[in-house]
Visitor: 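Pasting a structure here, questions to come.
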Amino acid sequence: MLKFPTPTPIDAILPELLEALKAHPSAVLQAPPGAGKTTRVPLALLDLPCLSGQRIVMLEPRRLAAVNAARFMARMLGEEVGGTVGYSIRFERKVSRATRIEVVTEGILARRLQSDPLLEGVGAVIFDEFHERNLASDLSLALVRDVQGGLRDDLRILVMSATLDAEPVARLLGDAPMLTSEGRRFPVEIRYQKHEPAGRLPELATRAVKTALAESSGDILVFLPGAGEIRRCERQLKDDLGDSLIIAPLYGDLPFAAQELAIMPGPKRKVVLATNIAETSLTIEGVRVVVDTGYSRQLRYDPGTGLNRLEVMRISAASAEQRAGRAGRVAPGTCYRLWTEHTQRTLLPYTPPEILVSDLAPLALDLALWGVNDPASLSWLDAPPPAHLAEAKALLTQLGALEPRGALTPLGKRMAALPMHPRLAALLVAGEAIEEGSLACTLAALLSERDLVPAGGGALSDSDLVDRMEALARKAEGSKAVERAATYFRRALGMTGGSPATADPAVVGELLLKGYPDRIAKQRAPGSDRYLLANGFGGKLSGRTALRDQPFLVAIEVAGGGTEAEIHLASAVSLDAIRRSFARSITRGRRVFWDEREARVVTREEERLGALVLSERQANPSPEEAALALTEGILAGPGIAGLPWSETARQYRNRVRFVAEALPEEELPDLSDQALAERIGEWLAPHLSGVRSLAQLSRVDLLGALKGMLTWKEQKLVDDAAPTHIAVPSGSRIAVEYPEHGAPFLAVKLQEMFGLAETPRLARGRVPVVIHLLSPARRPIQVTADLKSFWNSGYLEVKKELKGRYPKHPWPDDPWAAQATRQLKKRR
DNA sequence: CTCTCCCT
């Protein structure tokens, strides 16, 4: 056994662990941070006889941690790293023939499993920090377990974790033995709030920092959700406390030098305002006090939109414990939790694992390469959610990596071999095909590395990717990492050389289209910053950008959801490039519809891609299309009552209604507004040829159209039973009025009716017409349905009254004998 | 308060 300079709590449990792994192929070791498991356990495993001559691979979630662990172990052995102990991380590999312990980061193992599914020469795989439940470690465990259950039953699996509830993993590993070790940590006193605090996080944190400064000693670490909150809190503390303290922000996008300032001990008491980066990734020396707001930003994948959403959410109890532990590294400490003990009991026990909440496209591609069609054939701690997986497969199909049935295509196989997200792999392969591989590598690197930071600090505000290319050319902060990744990608493609000096924005757009085919966006109106995305959702450009001039974009980073997402990064793309890339998915169609505002039929020929109309032009509708759209427009707008009916047509409808009511046995058709609306396609549509607008409806012979609803026989019946005119004794033909409601009537001058005893009748004699007798000036005198009694009695009264007023008109004493006339009295 | 953190 090796001699370590200081004993750690883990030492006591090592013999037991070795025994467990002799008896069982798997084991679970639960030990809090600081117990020494990362360095002690792999070295101890070297003594296992069943591993003799075989390599131990240990998985670390972070590159820095992997390198540090390897270096530390090599030093314990008195060797250089790369001897018995080596490491492999993204850009670096330090291993040799002699290497027995290889520390790798998570992506490396997933990749190696694909090229060497039997893990030739590997005797044990250790999953360190498994409680973080990253996507790659969940996938790797499922695959390694698959290997162990198949051809490698000798393979040892050891899962090490800090806070994870060990029971489910042990069960997953075939009831593996569980071992627990104490940590080596100083006690941390937890202080809760008495009442749930109200207010904004930066203000609450500022107040808590002041309390902590007064109550405790040592440096203070404050956990806030993001850079915005950190800046606000920093400003308040500086305003209130001045230069008595060092206020150090700490978050991932901060330049390296600023991060150093936060991590290293300073000359004065220090307050570090940090994001989650300080929860696991970075350790700050000298912290005795933690102020925890209890919130963090968490990425949520929405399978409905295929977009990610960054949300401020309450942290889990496990996360709160990890944060509090940061106060007990050097001495007993204090943790101020800005929530109540009651709220503490409502926290989720663990942060949801990535496999449940993130984009599964990379996992789906790896599964396809592994030959797994149904993920249920592997064992998972948490199975990938079917809806997320379906969305991921849909994307991979669109990228050309999967056949519709789910099998891997040759392109998919090629993509899976490239060390990046499938979107970027598709971009790279496409770039290679058009001899723009080098540019494609630079683009992929820009999109996969941390965003560049301009020289003056702050963030790049332009959402145009071409702006990022220019910042890269100017060597903005972060350029080195991007160049390194680009070089790495070029090597993966078998290329040499550096980034191209200039890039044609048109080529940039075209390449991005290949990786983000689902993210085409069309400007809603010229000059607008609002776009419609191909998935049917809206997006708004963020930042000041020249992209506003662009009718089409590829939206690369889209955050949000709800009604309108935020497009943080995009690139212009030409319509021609879209047409070239999506020739097979673009549909051409005609749409004939009623434009309500212009009150006319509009015909558009459209080129569509998903929810997007790529182009459109006006066209002429066929008579049938126009008639259909116009009738829809009539019903939606003015309705039947609003049609330009002539008086004759109106009367005709009333006549038909009158006959229908008076002679129900004839069963005449119903011409009411409602009936005409229901049958508009039948009676009106055939008469609309050449009509495109409401205004043009006046050209239509509505009466003719109406008559089309009646057979010839029925038309004849209407003419007979409801004549338009009736001849009176004077010889005049007087129009019969058919009102909308009530009985038909005849308005006629009294003098024209002399001698007529029988009231004329309509509807085969069933209904008497009502007579409105008029004065010579056409004023109504009398309304009657019984002429005979009028001549006998009422007439004399009328004559007495009116004779003086109309002396030129005949007023005979005997109306029975008088000649009916339209004329005045004959001149003598 | 424009966008947490990692990794092939």
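Chain identifiers are assigned alphabetically (A, B, ...) following the order of the sequence lines, protein sequences preceding nucleic acid strands; residue numbering begins at 1 within each chain.
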Visitor: Mind calculating the distance between CD (A:Gln236) and C1' (B:dC1) to the nearest angstrom?
Guide: 12 Å

Visitor: Look at the side chain of A:Arg63 and decide which nucleotide, out of B:dT8, B:dC6, B:dT4, has an atom nearest to it.
Guide: B:dT8

Visitor: Do A:Glu279 and A:Ser319 pair up side chain to side chain, a donor and an acceptor below 3.5 Å, judged on atom types alone?
Guide: yes

Visitor: Using a 4.0 Å heavy-atom cut-off across all strands, classify A:Glu354 as base, sugar-phosphate, or nothing.
Guide: nothing

Visitor: Under the side-chain hydrogen bond (donor to acceptor under 3.5 Å, both in side chains) criterion, do A:Trp339 and A:Gln344 qualify, and how do the steps go?
Guide: CA-CA 7 Å; A:Trp339 61 93; A:Gln344 172 67 23; 2.9 Å; yes

Visitor: Whole Å only: how far is the CG atom of A:Leu310 from the P atom of B:dC1?
Guide: 17 Å

Visitor: How many Å lie between CD on A:Glu449 and C1' on B:dC5, as a whole number?
Guide: 14 Å

Visitor: So, does A:Arg232 get its side chain near the phosphate of B:dC1, meaning an N or O under 4.0 Å from OP1 or OP2?
Guide: yes

Visitor: Regarding A:Ile108, tell me which of base, sugar-phosphate or nothing describes its non-hydrogen contacts under 4.0 Å with the strands shown.
Guide: sugar-phosphate

Visitor: Taking CE from A:Met58 and P from B:dC7, how many angstroms apart are they, rounded to a whole number?
Guide: 15 Å

Visitor: Could you tell me the separation between the CZ atom of A:Arg133 and the P atom of B:dC7, rounded to a whole number of Å?
Guide: 19 Å

Visitor: How do A:Pro225 and A:Pro362 order along DNA chain B: which one's closest nucleotide is nearer the 5' end?
Guide: A:Pro225

Visitor: Which is true for A:Phe223 with a 4.0 Å heavy-atom rule: it touches a base, it touches only sugar-phosphate, or it touches nothing?
Guide: nothing

Visitor: Taking 4.0 Å as the cut-off, does a side-chain nitrogen or oxygen of A:Thr280 come that near to OP1 or OP2 on B:dC5?
Guide: no

Visitor: Go nucleotide by nucleotide along DNA chain B from the 5' end; which of A:Leu418 and A:Arg200 gets its closest nucleotide reached first?
Guide: A:Arg200

Visitor: Base, sugar-phosphate alone, or nothing: which one does A:Ile89 contact when heavy atoms must sit under 4.0 Å apart?
Guide: sugar-phosphate

Visitor: Is the distance from OP1 or OP2 of B:dC6 to the nearest side-chain N or O of A:Arg90 less than 4.0 Å?
Guide: no

Visitor: Quick one: is B:dC5 close enough that its OP1 or OP2 comes under 4.0 Å of any side-chain N or O from A:Arg450?
Guide: yes

Visitor: Starting from P on B:dC6, measure out to CG on A:Leu135 and report it in whole angstrom.
Guide: 17 Å

Visitor: State whether the number of non-hydrogen atoms from other residues, nucleotides or ligands found under 6.0 Å of A:Arg55 atom CZ is greater than 12.
Guide: yes

Visitor: A:Ser296 near the nucleic acid: base, sugar-phosphate alone, or nothing, with a heavy-atom cut-off under 4.0 Å?
Guide: nothing

Visitor: Please state whether the phosphate of B:dC5, meaning OP1 or OP2, lies under 4.0 angstrom from any side-chain nitrogen or oxygen of A:Thr275.
Guide: yes

Visitor: Quick one: is A:Ser281 getting a side-chain N or O under 4.0 Å of the B:dC6 phosphate, OP1 or OP2?
Guide: yes

Visitor: Under 4.0 angstrom, heavy atoms only, what part of the nucleic acid is A:Glu229 near: base, sugar-phosphate, or nothing?
Guide: base

Visitor: Would you call A:Glu203 and A:Arg232 a salt bridge, taking side-chain N to carboxylate O under 4.0 Å as the test?
Guide: yes

Visitor: Rounding to an integer number of Å, can you tell me how far A:Glu566 CD sits from B:dT4 P?
Guide: 13 Å

Visitor: With rounding to the nearest 0.5 angstrom, report the OH to CD1 distance, A:Tyr516 to A:Ile556.
Guide: 6.0 Å

Visitor: Is the base of B:dC1 touched by the side chain of A:Arg297 through a donor-acceptor pair closer than 3.5 angstrom?
Guide: yes

Visitor: Where the side chain of A:Arg111 is defined as all heavy atoms beyond and including C-beta, which of B:dC7, B:dT4, B:dT8 is the nearest nucleotide?
Guide: B:dT8

Visitor: Quick one: A:Leu363 CG to B:dC6 P, roughly how many Å, whole number?
Guide: 22 Å

Visitor: Could you tell me whether A:Glu132 and A:Arg62 make a salt bridge, using a distance below 4.0 angstrom between a side-chain N and a carboxylate O?
Guide: yes

